[in-house]
Undergrad: 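Please read through the structure below; I'll follow up with questions.
A, B, ... follow the sequence lines: proteins, then strands. Residue 1 opens every chain. Here the structure is a predicted model, which means the values were calculated and not measured. When reading the values below, keep in mind they use all heavy atoms of this one structure, side chains included, and skip hydrogens, waters and symmetry mates.
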Protein chains: 2
Amino acid sequence: MQEKVAQLLKKNQMSVTASRTKILELFLASQGALAHADIERLTNGFDRVTIYRTLQTFVDKGLVHTIPTADNSVRYALCKDECSQGHHHDDHVHFMCDDCGNTYCLDHIHVPAVHLPQGFVVKQTDVVVSGICSNCTLR
Amino acid sequence: MQEKVAQLLKKNQMSVTASRTKILELFLASQGALAHADIERLTNGFDRVTIYRTLQTFVDKGLVHTIPTADNSVRYALCKDECSQGHHHDDHVHFMCDDCGNTYCLDHIHVPAVHLPQGFVVKQTDVVVSGICSNCTLR
DNA sequence: CTGGCTTTGCAACCAAGTTGCAAAGGTTTT
DNA sequence: AAAACCTTTGCAACTTGGTTGCAAAGCCAG
Ligand SMILES: [Mn+2]
Ligand SMILES: [Mn+2]
Ligand SMILES: [Zn+2]
Ligand SMILES: [Zn+2]
């Protein structure tokens, strides 16, 4: 496992360090998205600045993407393989559960094409849905 | 004009004060959404705390709504008449221009219904599109 | 006009995120 | 295996956006 994580870092052109390894492991083990605070809680000892910089590096390298949330908090989730340095292709719907607070990437739900009036050029469409997730309805 | 603004405040059950009047006038005069910083710049003398509290009151009373943005900045725009205290119905698409930075409510573009897997309960769907607005393509 | 409730301004506080820099760590070369 | 070189980390200090408590000022119904 550690080795797989190291390979993944190298594949994305990052040197293998303790914080990157640990934080990437957290993403691989997590079902949903992670916020800076989650990572600070789940690790012990890494400086918060290091966590900020690690997350930014992961975004830059195309390993994770940020998720726009209705409450303007910043969350991060693993990208699919198609993403790479400077080219993100995370065109899926995001879901935020009002009950458990988790945020999920609905990878197989593609964002619908929205048709805008004459003159508007669409570059990116973000869809964030909130409600109750499937875990929470089952209880 | 001042009088119309005062009426609008009263209709939404707010007392008429200088800051509320001025800030509401700004919204009525503005094409797009306003951020806290815009209001601070366009007014002179109101304490920033007053502006925060005024905006929050407007949201609470159903006069303006906040707009989820891809860059996690907070913007506010006037609601349509249907919104009221505790019941917002701003189910339209929002557009953010990468060029001029303006944010617009596309009131007549309704958010599409997204179909989610079994077990998910949808409460709200936010769609925010970014690209180039019609003003900026014309230049 | 008066009195009671609401709003404002100020100061202090808090949380999230950024920056500069020296020390420590990873990687490549020899 | 060590040296040299470049990258990353931790710390402290700072910035920005937002909140809170409270006394003074302002609104508005009676
Ligand atoms: Mn995602
Ligand atoms: Mn709107
Ligand atoms: Zn849930
Ligand atoms: Zn524009």
Side-chain angles (χ1 to χ4, degrees), chain A residues 2-3 5-26 33-61 63-76 85 101 103, chain B residues 2-3 5-26 33-61 63-76 85 101 103:
Chain A
Q2 254 93 287
E3 199 44 41
V5 170
Q7 287 314 114
L8 193 46
L9 286 171
K10 283 178 187 155
K11 201 183 82 180
N12 288 78
Q13 303 160 66
M14 283 175 272
S15 55
V16 178
T17 68
S19 55
R20 288 175 183 169
T21 303
K22 176 66 189 177
I23 293 174
L24 183 47
E25 278 174 5
L26 286 182
L34 295 174
H36 180 275
D38 297 324
I39 294 169
E40 202 162 354
R41 185 166 32 76
L42 294 169
T43 59
N44 33 355
F46 296 125
D47 193 89
R48 58 197 202 91
V49 178
T50 300
I51 297 173
Y52 280 118
R53 290 197 271 225
T54 302
L55 288 169
Q56 190 52 53
T57 303
F58 283 0
V59 171
D60 291 344
K61 297 292 184 178
L63 198 56
V64 309
H65 61 279
T66 58
I67 300 178
T69 58
D71 68 343
N72 279 337
S73 65
V74 183
R75 312 220 169 179
Y76 302 84
Q85 179 116 230
T103 302
Chain B
Q2 254 95 283
E3 197 45 40
V5 170
Q7 287 314 114
L8 194 46
L9 287 171
K10 282 179 187 155
K11 200 184 82 181
N12 289 79
Q13 302 161 69
M14 282 174 274
S15 55
V16 178
T17 68
S19 56
R20 288 175 184 168
T21 302
K22 177 67 188 174
I23 293 174
L24 183 48
E25 277 173 5
L26 286 181
L34 296 175
H36 180 274
D38 299 323
I39 294 169
E40 202 160 355
R41 184 165 33 78
L42 295 169
T43 59
N44 33 354
F46 296 125
D47 194 89
R48 60 196 200 93
V49 178
T50 299
I51 297 174
Y52 281 119
R53 290 196 271 226
T54 302
L55 288 169
Q56 190 52 54
T57 303
F58 283 1
V59 171
D60 291 343
K61 297 292 184 177
L63 197 56
V64 310
H65 61 279
T66 58
I67 300 179
T69 59
D71 68 343
N72 279 336
S73 65
V74 183
R75 312 221 170 179
Y76 302 84
Q85 177 116 232
T103 303

Undergrad: Would you mind telling me which residue lines up with the more 5' stretch of DNA chain C, S19(B) or V49(B), judged by nearest nucleotide?
TA: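 Checking each residue's closest nucleotide, the 5'-ward one belongs to S19(B).
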Undergrad: Of the nucleotides dT9(D), dG17(D), dC28(D), which has the atom closest to the V16(B) side chain?
TA: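 Closest nucleotide among those given: dC28(D).
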Undergrad: Quick one: on DNA chain D, does M14(B) or Q56(B) contact a more 5' nucleotide (nearest heavy atom)?
TA: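 Nearest-nucleotide comparison on DNA chain D picks Q56(B).
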Undergrad: Nearest whole Å is fine: how far is dG26(D) P from R20(B) CZ?
TA: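 Atom CZ in R20(B) sits about 15 Å away from atom P in dG26(D).
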Undergrad: Starting at atom CG of D47(B), determine the distance to atom P of dG17(D), rounded to an integer number of angstrom.
TA: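 For the pair D47(B) CG and dG17(D) P, the rounded distance is 15 Å.
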Undergrad: Report yes if at least one side-chain N or O of T17(A) is closer than 4.0 Å to OP1 or OP2 of dT9(D); otherwise report no.
TA: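 Checking dT9(D) against T17(A), a side-chain N or O does come within under 4.0 Å of OP1 or OP2.
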Undergrad: Quickly work out the K61(B) NZ to dT6(C) C1' distance and round it to whole Å.
TA: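 Going from NZ in K61(B) over to C1' in dT6(C) covers 11 Å.
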Undergrad: Between C1' on dA29(D) and NZ on K10(B), what's the gap in Å once rounded to a whole number?
TA: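 Interatomic distance, NZ of K10(B) to C1' of dA29(D): 12 Å.
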Undergrad: Suppose we call a contact any N or O donor and acceptor under 3.5 Å apart; does that hold for the side chain of R53(A) and the base of dG10(D)?
TA: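 Looking at the base of dG10(D), it does pair with a donor or acceptor on the side chain of R53(A) (distance under 3.5 Å).
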Undergrad: How many whole angstroms separate atom CG of L24(A) from atom C1' of dT8(D)?
TA: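 Atom-to-atom, L24(A) to dT8(D), this comes out as 17 Å.
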Undergrad: Compare the minimum distances between each of dT7(C), dT9(D), dT18(C) and the side chain of Y52(A), then state the nucleotide with the smallest one.
TA: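 Selected nucleotide (nearest to the side chain): dT18(C).
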Undergrad: Would you please confirm or rule out a distance under 4.0 Å between OP1 or OP2 of dT7(C) and any side-chain N or O of S15(B)?
TA: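 S15(B) to dT7(C) OP1/OP2: side-chain N or O found under 4.0 Å.
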Undergrad: For I39(B) and dG18(D), what is the distance between atoms CD1 and P respectively, to the nearest whole Å?
TA: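 Rounded to whole Å, this separation is 11 Å.
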Undergrad: Let's test your reading of the model: under 3.5 Å, does the base of dG17(D) pair with the side chain of R48(B) as donor and acceptor?
TA: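 Counting by modelled atom types and ignoring angles, no donor-acceptor contact under 3.5 Å is found here.
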Undergrad: Closer than 3.5 angstrom, by distance alone: can the side chain of R20(A) be matched with the main-chain N or O of T54(A) as a donor-acceptor pair?
TA: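 No; zero donor-acceptor contacts below 3.5 Å.
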Undergrad: For K22(A) and dT9(D), give me the distance from atom NZ to atom P, rounded to whole Å.
TA: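 It works out to 15 Å between those atoms.
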Undergrad: Check the distance between dT7(D)'s C1' and D60(A)'s CG and give it to me in whole angstrom.
TA: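 Going from D60(A) (CG) to dT7(D) (C1'), I get 15 Å.
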Undergrad: Identify the heavy atoms of T69(B) and S73(B) that sit nearest to each other, and give their distance.
TA: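 Closest pair (atom of T69(B), atom of S73(B), distance): OG1-O, 2.6 Å.
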Undergrad: Under the criterion side chain to side chain contact (heavy atoms under 4.5 Å, CB included), I'd like the reasoning laid out for Y52(A) against D47(A): C-alpha separation, chi angles, the key distance, then a yes or no.
TA: CA-CA 9 Å; Y52(A) 280 118; D47(A) 193 89; over 6 Å; no
